**Q** 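I have a structure here, written as structure tokens, and I will follow up with some questions on it.
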Amino acid sequence: MSAALSWDAFAAGLGWSAATALMVMLGTFALALNLDVHRVVDVAWGAAFAAVAVVTFGLSQGHGDPGRRWLATGLTVVWGLRLAVHIARRSSGHGEDPRYEAMLARAPGNRNLYALRMVYLLQGALVWLVSLPVQAAQYTPRPLSGWAFAGTALWAVGLFFEAVGDAQLARFKADPANRGRIMNRGLWRLTRHPNYFGDFCVWWGLFLIACDGGRQAAAAVSVASPLVMSVLLIRGSGKRLLERHMAARPGWDAYAARTSGFFPRLPRRS
């Protein structure tokens, strides 16, 4: 077996991974039409990554190092399914997400077809693009080394910030006494967005695992993934939009002044 990335097998797998992401999103679109709620696509986001990882794992048999294939698949499935379950629980019993209501209010023509183009197909394409490190990692035959362990450690830091931050926020919101207040406890003291910072770490960690087996080749085909995710989290639909929504809440300005906007650090003194 060659020590280089299996380019032919990897290229063929790209089509199957794109088809997998598309099928998940089209199935979710059909479910959304039945429920008349498009926020279900947020649940499909994590599930689509898990599906792509599993399909790639099957396709890469005989091409990639078994340890790296299991590692990349396992980490992606754990991250994706945790996120999907969390969002499903959080949105249970609620109506449409205000973000989608605002977007669909501006839709030219049929609202559902507009949602299909601008939400489901776009997210399917992003799943395919962002999952490139997971796909590249599974077609590289070199055994695991230090880069993979560093990537796994960074992924673990990310999952900790995501899972613990989400749990802390859920407990905070469950207390009626906190209605309208700003969450400034636990990990939320260190960063205004522990879940987004966690996502950032997860995808840079998976990128390191991909680079571990064929640094130049894997980096060249998959570096767009963590870069795109970073832009989305910091400048795109993540931090920027959420803070625009939160800015009108009492106490937000003081919280934002003392708390890091993204990377964790101790809060500034008043």
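Being a predicted model, the structure only gives us computed values, none of them experimental.
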**Q** Closer than 3.5 angstrom, by distance alone: can the side chain of Thr191 be matched with the main-chain N or O of Phe263 as a donor-acceptor pair?
**A**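 No; judged by distance alone, with no hydrogens or angles, the pair does not exist.
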**Q** Taking the side chain as every heavy atom from C-beta outward, state whether Phe10 and His63 have any atom pair closer than 4.5 Å.
**A**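 The answer is no; the side chains never approach within 4.5 Å.
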**Q** Distance from Tyr100 atom OH to His38 atom NE2, nearest 0.5 Å?
**A**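 Here the rounded value is 10.0 Å.
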**Q** Are Val202 and Leu81 co-members of a hydrophobic cluster defined by side-chain heavy atoms under 4.5 Å apart?
**A**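 Not linked; separate clusters.
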**Q** Inspect the surroundings of CG in Asn110 and state if more than 12 heavy atoms from other residues, nucleotides or ligands are less than 6.0 Å away.
**A**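 For Asn110, atom CG is crowded (more than 12 foreign heavy atoms under 6.0 Å).
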**Q** Are Leu59 and Val77 linked, directly or through other ILVMFWY residues, by side chains that come within less than 4.5 angstrom of each other?
**A**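 Each belongs to a different hydrophobic cluster.
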**Q** Any side-chain to backbone donor/acceptor pair from Thr20 onto Trp16? Under 3.5 Å, distance only.
**A**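 Present.
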**Q** Evaluate side-chain contact (heavy atoms from CB on, under 4.5 Å) for Leu227 paired with Phe207, printing each intermediate quantity in order.
**A** CA-CA 10 Å; Leu227 290 176; Phe207 171 70; over 6 Å; no
**Q** How many angstroms lie between atom CG of Leu116 and atom CG of Leu121, to the nearest 0.5 angstrom?
**A**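 Here the interatomic distance stands at 4.5 Å.
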**Q** Which atom pair, heavy atoms only, marks the closest approach of Val40 to Ala32?
**A**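 Here Val40 and Ala32 meet closest at CG2-CB, 3.7 Å.
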**Q** Taking everything shown except Asp8 itself, do over 12 heavy atoms lie less than 6.0 Å from its CG?
**A**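 No, not enclosed.
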**Q** Show, in sequence, the C-alpha distance, side-chain angles and deciding distance for Trp252 and Glu243, and conclude whether the side-chain contact (heavy atoms from CB on, under 4.5 Å) test is met.
**A** CA-CA 9 Å; Trp252 171 259; Glu243 294 200 347; 3.8 Å; yes
**Q** Output yes when a side-chain donor or acceptor of Arg192 lies under 3.5 Å from a complementary backbone atom of Thr259, and no otherwise.
**A**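 Between the backbone of Thr259 and the side chain of Arg192 there is a qualifying donor-acceptor contact (under 3.5 Å).
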**Q** More than 12 foreign heavy atoms under 6.0 Å from CD of Glu101: is that the case here?
**A**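 Check passes, neighbour count above 12.
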**Q** Taking Val85 as the starting point, is it possible to reach Leu75 by hopping between hydrophobic residues whose side chains are less than 4.5 Å apart?
**A**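 No, it is not one cluster - the side chains of Leu75 and Val85 are not joined through contacts under 4.5 Å.
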**Q** Is any side-chain heavy atom of Tyr120 less than 4.5 Å from a side-chain heavy atom of Leu26?
**A**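 Result no, sub-4.5 Å side-chain heavy-atom pair not found.
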**Q** For the hydrophobic clusters of this structure (ILVMFWY residues joined by side-chain heavy atoms under 4.5 Å, transitively), does one cluster hold both Val24 and Val127?
**A**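 No, separate clusters.
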**Q** I want to know whether Phe161 and Phe200 have ring centres closer than 6.0 Å.
**A**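 Between Phe200 and Phe161, which both carry aromatic rings, the centre distance is not below 6.0 Å.
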**Q** Closest approach of Ser225 and Leu129, non-hydrogen atoms and distance?
**A**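 Reported closest heavy-atom pair: CB-O, 3.8 Å.
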**Q** Are the side chains of Phe149 and Asp212 in touch, meaning some heavy atoms are under 4.5 Å apart?
**A**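 With C-beta onward as the side chain, the pair stays apart.
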**Q** For residues Val41 and Thr28, report the shortest heavy-atom separation together with the two atoms involved.
**A**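 So the two residues come closest at CA-CG2, 3.8 Å.
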**Q** Assess the side chains of Gln135 and Ser17: does a donor N or O sit below 3.5 Å from an acceptor N or O?
**A**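 Their side chains do contain a donor-acceptor pair, which is all the 3.5 Å distance test asks for.
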**Q** Mind telling me whether Tyr196 and His193 have parallel, tilted or perpendicular rings, with 30° and 60° as the class edges?
**A**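 His193 vs Tyr196 ring planes: parallel.
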**Q** Should Asp42 and Leu83 count as side-chain neighbours, where that means a heavy-atom distance under 4.5 Å?
**A**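 Not in contact.
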**Q** Please, which pairs that meet ring-ring contact (aromatic ring centres under 6.0 Å, His included) have at least one residue in residues 67-99, sequence neighbours excluded?
**A**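 Of all non-adjacent pairs touching residues 67-99, those that pass ring-ring contact (aromatic ring centres under 6.0 Å, His included) are Phe49-Trp79, Phe57-Trp70, Trp79-Trp203.
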**Q** Return the minimal non-hydrogen interatomic distance between Arg249 and Gly180, and the atom names on each side.
**A**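 Minimum heavy-atom separation between Arg249 and Gly180: CD-O, 4.3 Å.
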**Q** Atom OG1 in Thr76, atom CG in Leu71: separation rounded to 0.5 Å?
**A**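 Answer rounded to 0.5 Å: 8.5 Å.
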**Q** Give the cluster check for Val54 versus Val78: same hydrophobic cluster or not, with ILVMFWY residues linked at side-chain heavy-atom distances below 4.5 Å.
**A**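 Not linked; separate clusters.
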**Q** Quick one: CZ on Arg68 to CD on Gln138, what's the gap to the nearest 0.5 Å?
**A**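 It is 10.5 Å, given to the nearest 0.5 Å.
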**Q** Atom CZ of residue position Arg265 - does it have more than 12 heavy atoms of other residues, nucleotides or ligands inside 6.0 Å?
**A**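 Yes - once you tally the heavy atoms of other residues, nucleotides and ligands closer than 6.0 Å, there are more than 12.
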**Q** Is the shortest side-chain heavy-atom distance between Ile182 and Met246 below 4.5 Å?
**A**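 With C-beta onward as the side chain, the pair touches.
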**Q** Are the side chains of Leu206 and Trp155 in touch, meaning some heavy atoms are under 4.5 Å apart?
**A**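 In short, these two side chains touch, coming nearer than 4.5 Å.
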**Q** Hey, are the side chains of Val134 and Ile209 touching, using non-hydrogen atoms and a 4.5 Å cut-off?
**A**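 No; the side chains remain at least 4.5 Å from each other.
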**Q** Start with the C-alpha distance between Leu126 and Leu232, add both sets of side-chain angles, then the distance that settles side-chain contact (heavy atoms from CB on, under 4.5 Å), and finish with yes or no.
**A** CA-CA 10 Å; Leu126 283 174; Leu232 289 175; 4.2 Å; yes
**Q** Would you give the length of the straight line joining atom CH2 of Trp128 to atom CG of Leu22, rounded to the nearest 0.5 angstrom?
**A**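 These two atoms lie 13.0 Å from each other.
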**Q** Between Arg268 (side chain only) and Ala257 (backbone N and O only), is there a donor and an acceptor less than 3.5 Å apart?
**A**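 It does hold such a pair.
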**Q** Roughly how far apart are Tyr114 OH and Leu104 CG, rounded to 0.5 Å?
**A**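 Here the interatomic distance stands at 8.0 Å.
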**Q** Could you tell me whether Met118 atom CE has more than 12 heavy atoms of other residues or ligands within 6.0 Å of it?
**A**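 No, not enclosed.
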**Q** Ala21 and Gly124: which non-hydrogen atoms are nearest, and at how many Å?
**A**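 Where Ala21 meets Gly124 most closely, the heavy atoms are CB-O, 3.6 Å.
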**Q** Without swapping roles, check the side chain of Trp45 against the backbone of Ala84 for a donor-acceptor pair under 3.5 Å.
**A**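 Such a contact is absent between Trp45 side chain and Ala84 backbone.
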**Q** In chain order, what residues pass the ring pair (Phe, Tyr, Trp, His ring centres under 6.0 Å) check against Phe172, with sequence neighbours excluded?
**A**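 Ring pair (Phe, Tyr, Trp, His ring centres under 6.0 Å) check on Phe172 returns nothing, list empty.
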**Q** With a 4.5 Å heavy-atom cut-off, do Leu187 and Phe160 have their side chains touching?
**A**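 The answer is yes; the side chains approach within 4.5 Å.
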**Q** Which pair of heavy atoms, one from Met25 and one from Ala48, lies closest together, and at what distance?
**A**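 Heavy-atom minimum between the residues: CE-CB, 4.2 Å.
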**Q** Are Arg82 and Asp166 close enough for a salt bridge, meaning some N to O gap below 4.0 Å?
**A**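 Judged by the 4.0 Å cut-off on N to carboxylate O distance, Arg82 and Asp166 do form a salt bridge.
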